[in-house]
Asks: 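Got a structure here, written out as structure tokens. Questions coming.
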Amino acid sequence: MTWVPTGLRARLVITFLLVAVTASAMVAGLGYQLVRRELLDRAERAAVADVRDTLSTITLPVGASDVVWPSDSTVTDDDLAGLVNALSGPGRSVIMTYGDLQHTSPGGRFTMNDVPDQLRWQSGRRLVYQRLRIENQPWLLVATQIQRVNQSGAQRATGLTAYVFVSLAEEEGVLFRLRTALAQAGGITLTIALTVALVSARRVLLPVRRLGVAARALGAGELHVRLPVRGKDELAELTATFNETAAALEHTVSELRTLESLSRRFVADVSHELRTPLTAMTAVTDMLTEDAARLPDDAGEAMLIVVREIDRLRVLVEHLIEISRFDSGAAVLRQERVDVGDCLADSLEMRGWADQVKLTMPVGLMFSLDPRRFDVIVANLVGNALQHGSPPVQVQARVDRQGLEVTVRDHGKGIPEQALPHVFDRFFKAGSDRARSVGSGLGLAIAKANAELHNGTITAERREPGTLFRLRIPRS
């Protein structure tokens, strides 16, 4: 089956993939957020607890979130250095401030400019912490103010503040590896989902494809085609419905073909039966035509009308017999190599049209065709031009690489544009004047049937003025 972006198979695969990708993304995203929050919360708790524990080894705790300085002596730079060294460690950087004094870890990379103003204000009241991203690296900043306790146990602020920067690079690495693993798992899931989607779409659409093939075969005339019904799902019901429809269609078409065959046989039989009385009537009309001039005016006019209608009936019967041969498949093509110019000239001369038609063609134009059927085509086209068109009527013939081309053109008012597609239909007459004409309405249909018997075509084209009929017969 051809892959069409808007086809049913594509929509099934895309829908399946969207559902799979959406579900995978939701599960992976939710899981990643839970792991990330738990991992960072644990890192924060561990860092805060470590800062508290470190300060508790050199101070006396007096509250849940504060530490105290148990000396009444003045804080010196050495005291700051001691606190910095106690709080420093791998992945840590410390800033200790006391008034104008400031001490940082050896090789410290941070300054007070890296401390948010809100955190400075909050650190004077309790131990606080905040996650920061400095120079595209994750850090946890823990800040607390150390208090002083006198001999009586009273506590007061000392202005001693510690800022501890704890690196979260390890946790960031864990999260990065987790994201990579989730992305790889998502890729694997997408691949599996795509494979499953293609296989599922193929299994789902296989009955649909079979239905399509069967429908095309049914449209091509293979009315016996049926499909096996498998399962009890909707597709099985659709297949069963198709089989029932195909069976009903085969039965209906069979009845129609039978009726059509009977109708064709009836027309052929009636036409043949009419031939005998028409032959006798034609012989009688020849004698009556000679006597019509000696009869009274009314009787003579009536006699001429009878003769004319008998002649029209004879042409109609001949055309019906010819049509019945084509319908029954009894028409046979007997091709021979002939001089096209001679065939055209003989056809015109035999009907007395030679002086009414201008014939143009090369001398010695040879082609392989059935002379009798070619004569029928030419007679119908030229007769139509003479009867319904206006002079001059021109007939031209030539042979090219594709085959023989014969054109017949008149210079009348032409066939109406809306009637051109129907001029070769049986019993079709364009315009009210043609409806009253003596023609049978079968001449152009017979001409087209004879052309198609040669594997050729006839087309009608409107010209200014007149109409041009173009006959093309391919090389054998």
Asks: Can you confirm whether more than 12 heavy atoms, excluding those of Q335, are under 6.0 Å from its CD atom?
Replies: yes
Asks: Output the distance between atom CG (L238) and atom CG (N243), rounded to the nearest 0.5 Å.
Replies: 9.5 Å
Asks: Does R42 have more than 12 heavy atoms from other residues, nucleotides or ligands lying within 6.0 Å of its CZ?
Replies: no
Asks: Tell me whether the count of non-hydrogen atoms from other residues, nucleotides or ligands lying under 6.0 Å of OH in Y129 goes above 12.
Replies: no
Asks: For E170, does the CD atom have more than 12 heavy-atom neighbours from other residues, nucleotides or ligands under 6.0 Å away?
Replies: no
Asks: Under 4.0 Å between a side-chain nitrogen and a carboxylate oxygen: does that hold for R373 and D375?
Replies: no
Asks: Under 4.0 Å between a side-chain nitrogen and a carboxylate oxygen: does that hold for R226 and E244?
Replies: no
Asks: Any heavy-atom pair between the side chains of P371 and E336 that's under 4.5 Å?
Replies: yes
Asks: Whether R409 and E461 form a salt bridge (side-chain N of Lys/Arg under 4.0 Å from carboxylate O of Asp/Glu) is what I want to check.
Replies: no
Asks: Looking at OG1 of T457 and CG of L471, how far apart are the two atoms once the value is rounded to the nearest 0.5 Å?
Replies: 7.5 Å
Asks: Looking just at side-chain N and O atoms, do S347 and R351 make a donor-acceptor pair shorter than 3.5 Å?
Replies: yes
Asks: So does R334 have more than 12 non-hydrogen atoms from other groups sitting under 6.0 Å from CZ?
Replies: no
Asks: Would you name the heavy atoms of L141 and P116 that are closest together and state the gap between them?
Replies: CD2-CD, 3.9 Å
Asks: To the nearest 0.5 Å, tell me how far M361 CE sits from T407 OG1.
Replies: 9.5 Å
Asks: Give me the ring orientation class for F110 and F165: parallel if the planes are under 30° apart, tilted from 30 to 60°, perpendicular past 60°.
Replies: parallel
Asks: Can a salt bridge be assigned to the pair D41 and R36 using a cut-off of 4.0 Å between side-chain N and carboxylate O?
Replies: no
Asks: Please determine whether the number of non-hydrogen atoms from other residues, nucleotides or ligands lying under 6.0 Å from atom CZ of R462 exceeds 12.
Replies: yes
Asks: Where is the tightest heavy-atom contact between A193 and L17, given as atom of each residue plus distance?
Replies: C-CD2, 3.8 Å
